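From a predicted model like this one, the values you see are computed outputs, not experimental measurements. Counting from 1, the numbers follow the sequence of the chain as shown.
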Amino acid sequence: MLQKPKSVKLRALRSPRKFGVAGRSCQEVLRKGCLRFQVPAGLGGDCRPGSSLSAAPGCACTRMARSSPKTTSPAFPTTPSWCCSPRARPGRAVSGKDLGDVSDIGRFLSAFHEPHAGLVQAAQQLLCDEQAPQRQRLLADLLHNVSQNIAAETRAEDPPWFEGLESRFQNKSGYLRYSCESRIRSYLREVSSYPSLVGAEAQEEFLRVLGSMCQKLRSVQYNGSYFDRGAKGGGRLCTPEGWFSCQGPFDMDSCLSRHSINPYSNRESRILFSTWNLDHIIEKKRTIIPTLVEAIKEQDGREVDWEYFYGLLFTSENLKLVHIVCHKKTIHKLNCDPNRIYKPQPRLKRKRPVRKR
């Protein structure tokens, strides 16, 4: 005799939307669930408590909970099942042990993302008694991450974040904006120290170029928006939550180590973020400023394109935000574009000869 179908609610991990599925066995429910979430079935089909199901990469997990707590049929477990997504290496089948390992890692990451008070207390106790450096580091990292208060913005909402800062800073975005402005201002001071190197005849032109750069920087508030999570999307280097990702060394398209940080989260992250660099792809001291000085000295009636140099010195056109590990101190061996040093000269229109009638 066929077992009567039972109703089950399925939902994706951390998704509020639920979908109803009916089946006579757990395998049937999982098969229908995989069809609903468009993931392949095939592993962990016994659906016993604690078993796993292979889902497509990127699907994360699917949680299944029975709609009726009164069901006691052995075909349906009395506890929720978790369906995880392992990645198999080419030519190697995914084993049950791999599924269990992935499930363990998933639970560990969930503990970091949504910590409970009991977990924090247990980690603090373990850290007090732990002597092994490696385990101390793991526990310290866990406690560091669970102490994040990312959503808080003001000094009143997160006093520990502002420890050591002047009282004039009352919100996180304001301080980080100031931090970015300070870096850009330091680049401007370096350029300002060069007028004496161009000679008396070219000093006036150098000061004119410098004045134009200063005026533009003031109009954009020294590009402080790069570190401000409240700024518009195109004007910041972080997510709306304040997460920054390393853009990789100057000679690479991305960061292979996937460095990331949120200086808005806690005081330690704020301090660590100060070690990240705004690295000039075309080097400031070795290339950009000397090229600008030489262009002014040799302009010979041409007009220096100061906006081109402005972009190289002060904007993300030539700046990469990098973790200190990705900040290479070697010579970059990159030059300014010779076609953009001077503004294009307007072509003189030739007068057509007047035709005699």
Side-chain angles (χ1 to χ4, degrees), residues 137-138 140-141 144-145 148 150 161 164-165 169 172-194 213 217 220-229 231 233-293 308-337 340:
R137 171 64 186 274
L138 289 172
D141 285 347
H144 166 71
N145 280 277
Q148 295 180 139
I150 294 175
W161 192 93
L165 299 182
F169 297 112
K172 296 178 181 180
S173 296
Y175 173 76
L176 285 163
R177 176 180 279 272
Y178 165 80
S179 174
C180 186
E181 289 179 11
S182 298
R183 300 191 193 200
I184 300 298
R185 286 176 185 271
S186 70
Y187 305 154
L188 180 62
R189 285 194 295 271
E190 287 185 58
V191 182
S192 303
S193 65
Y194 275 78
M213 290 183 177
L217 280 173
V220 294
Q221 297 180 313
Y222 296 89
N223 289 324
S225 62
Y226 286 165
F227 290 179
D228 182 359
R229 65 179 176 181
R236 51 179 161 78
L237 300 178
C238 63
T239 68
E241 295 77 27
W243 284 99
F244 292 83
S245 296
C246 175
Q247 296 175 328
F250 76 92
D251 55 354
M252 298 184 70
D253 293 332
S254 61
C255 172
L256 297 180
S257 300
R258 299 292 190 269
H259 294 122
S260 64
I261 191 171
N262 191 327
Y264 289 84
S265 60
N266 51 40
R267 179 173 177 266
E268 183 175 342
S269 293
R270 167 176 66 79
I271 295 172
L272 287 174
F273 184 64
S274 65
T275 66
W276 285 47
N277 292 278
L278 281 172
D279 187 28
H280 287 84
I281 302 171
I282 300 174
E283 294 175 282
K284 177 177 77 273
K285 285 186 176 180
R286 289 193 178 105
T287 305
I288 303 173
I289 298 178
T291 302
L292 174 61
V293 170
Y308 169 62
F309 288 98
Y310 169 89
L312 295 180
L313 288 165
F314 308 117
T315 76
S316 56
E317 174 186 333
N318 188 52
L319 290 171
K320 295 185 78 173
L321 181 67
V322 295
H323 187 284
I324 189 171
V325 173
C326 290
H327 187 201
K328 295 183 179 180
K329 298 290 188 178
T330 57
I331 298 175
H332 294 190
K333 297 181 181 179
L334 297 172
N335 298 316
C336 298
D337 184 349
R340 299 190 60 188

Asker: Whether the side chain of T275 engages the backbone of L272 through a donor-acceptor N/O pair (distance < 3.5 Å, no angle test) should be reported.
Answerer: yes
Asker: Measure up the Y187 and F314 rings against each other and bin them: parallel (under 30°), tilted (30 to 60°), perpendicular (over 60°).
Answerer: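 Correct class here is parallel.
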Asker: Testing N318, L321, N223 one by one against L278 for a side chain to side chain contact (heavy atoms under 4.5 Å, CB included), which residue passes?
Answerer: L321
Asker: Considering all heavy atoms of both residues, which atom of K328 and which atom of P249 are nearest to each other, and what is their separation?
Answerer: CE-CB, 3.6 Å
Asker: Give a yes or no on whether the backbone of Y222 and the side-chain of R185 come within a donor-acceptor separation of less than 3.5 Å.
Answerer: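 Absent.
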Asker: If we only count heavy atoms from C-beta on, is the L176 to P263 side-chain gap below 4.5 Å?
Answerer: yes
Asker: Once you round to the nearest 0.5 Å, how far does NE2 of H259 lie from CD of Q247?
Answerer: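 Reported to 0.5 Å precision, the distance equals 13.5 Å.
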Asker: To the nearest 0.5 Å, how far apart are OG1 in T291 and CZ in R286?
Answerer: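 These two atoms lie 13.5 Å from each other.
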Asker: Please confirm whether the backbone N or O of S316 pairs with a side-chain atom of Y226, one donor and one acceptor, at under 3.5 Å?
Answerer: yes
Asker: Tell me whether I271 at atom CD1 has more than 12 heavy atoms from other residues, nucleotides or ligands lying less than 6.0 Å away.
Answerer: yes
Asker: Evaluate the criterion side chain to side chain contact (heavy atoms under 4.5 Å, CB included) for residue pair T287 and C336; output intermediate values, then yes/no.
Answerer: CA-CA 7 Å; T287 305; C336 298; 4.0 Å; yes
Asker: Can you check whether S260's main-chain N or O pairs, donor with acceptor, with H323's side chain at less than 3.5 Å?
Answerer: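 No.
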Asker: Might you point out which heavy atoms bring S265 and I150 nearest each other, and give the distance in Å?
Answerer: CB-CG1, 3.6 Å
Asker: Quick one: does W276's side chain have a donor or acceptor within less than 3.5 Å of a partner on C246's backbone?
Answerer: no
Asker: Run the numbers on S173 and Y264 for side chain to side chain contact (heavy atoms under 4.5 Å, CB included), then give the verdict.
Answerer: CA-CA 8 Å; S173 296; Y264 289 84; 3.5 Å; yes
Asker: Counting N and O atoms only, with roles assigned by atom type, does the side chain of T239 sit under 3.5 Å from a partner on the main chain of E241, one being a donor and the other an acceptor?
Answerer: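 Checked: pair present.
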Asker: Let me confirm one number: the CZ-NE2 distance from F250 to H332, rounded to the nearest 0.5 Å.
Answerer: 4.0 Å
Asker: Taking all heavy atoms of F273 and all of I261, pick out the closest pair and write down the distance.
Answerer: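 For F273 and I261, the tightest heavy-atom pair comes out as CD1-CG2, 3.6 Å.
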Asker: Using only heavy-atom distances, determine whether the side chains of D228 and S225 contain a donor-acceptor pair under 3.5 Å.
Answerer: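 No.
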Asker: Kindly state whether the ring of F244 and the ring of F227 have centres lying under 6.0 angstrom apart.
Answerer: yes
Asker: Are side-chain heavy atoms of K284 and I289 found at a separation under 4.5 Å?
Answerer: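 The answer is yes; the side chains approach within 4.5 Å.
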Asker: Under a 3.5 Å distance rule, please check whether S182 uses its side chain to pair with a backbone N or O of Y178 as donor and acceptor.
Answerer: yes
Asker: Would you check, one step at a time, whether the test side chain to side chain contact (heavy atoms under 4.5 Å, CB included) holds for R340 with L312?
Answerer: CA-CA 11 Å; R340 299 190 60 188; L312 295 180; over 6 Å; no
Asker: Going from NZ on K320 to CG on D251, what distance comes out if it is rounded to the nearest 0.5 angstrom?
Answerer: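 Interatomic distance, K320 NZ to D251 CG, rounded to 0.5 Å: 7.5 Å.
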Asker: How many angstroms lie between atom CG of L165 and atom NZ of K172, to the nearest 0.5 angstrom?
Answerer: 11.5 Å
Asker: Please report the shortest heavy-atom distance between I282 and I288, naming the atom on each side.
Answerer: O-CD1, 3.1 Å
Asker: Check M213 against F309 and note the closest heavy-atom contact, atom names and distance.
Answerer: CE-CB, 3.7 Å
Asker: Nearest 0.5 angstrom please: S179 OG to R183 CZ, how far?
Answerer: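 If we round to the nearest 0.5 Å, S179:OG and R183:CZ are 5.0 Å apart.
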Asker: Would you say the side chain of N266 lies within less than 4.5 Å of the side chain of S269, judging by non-hydrogen atoms?
Answerer: yes
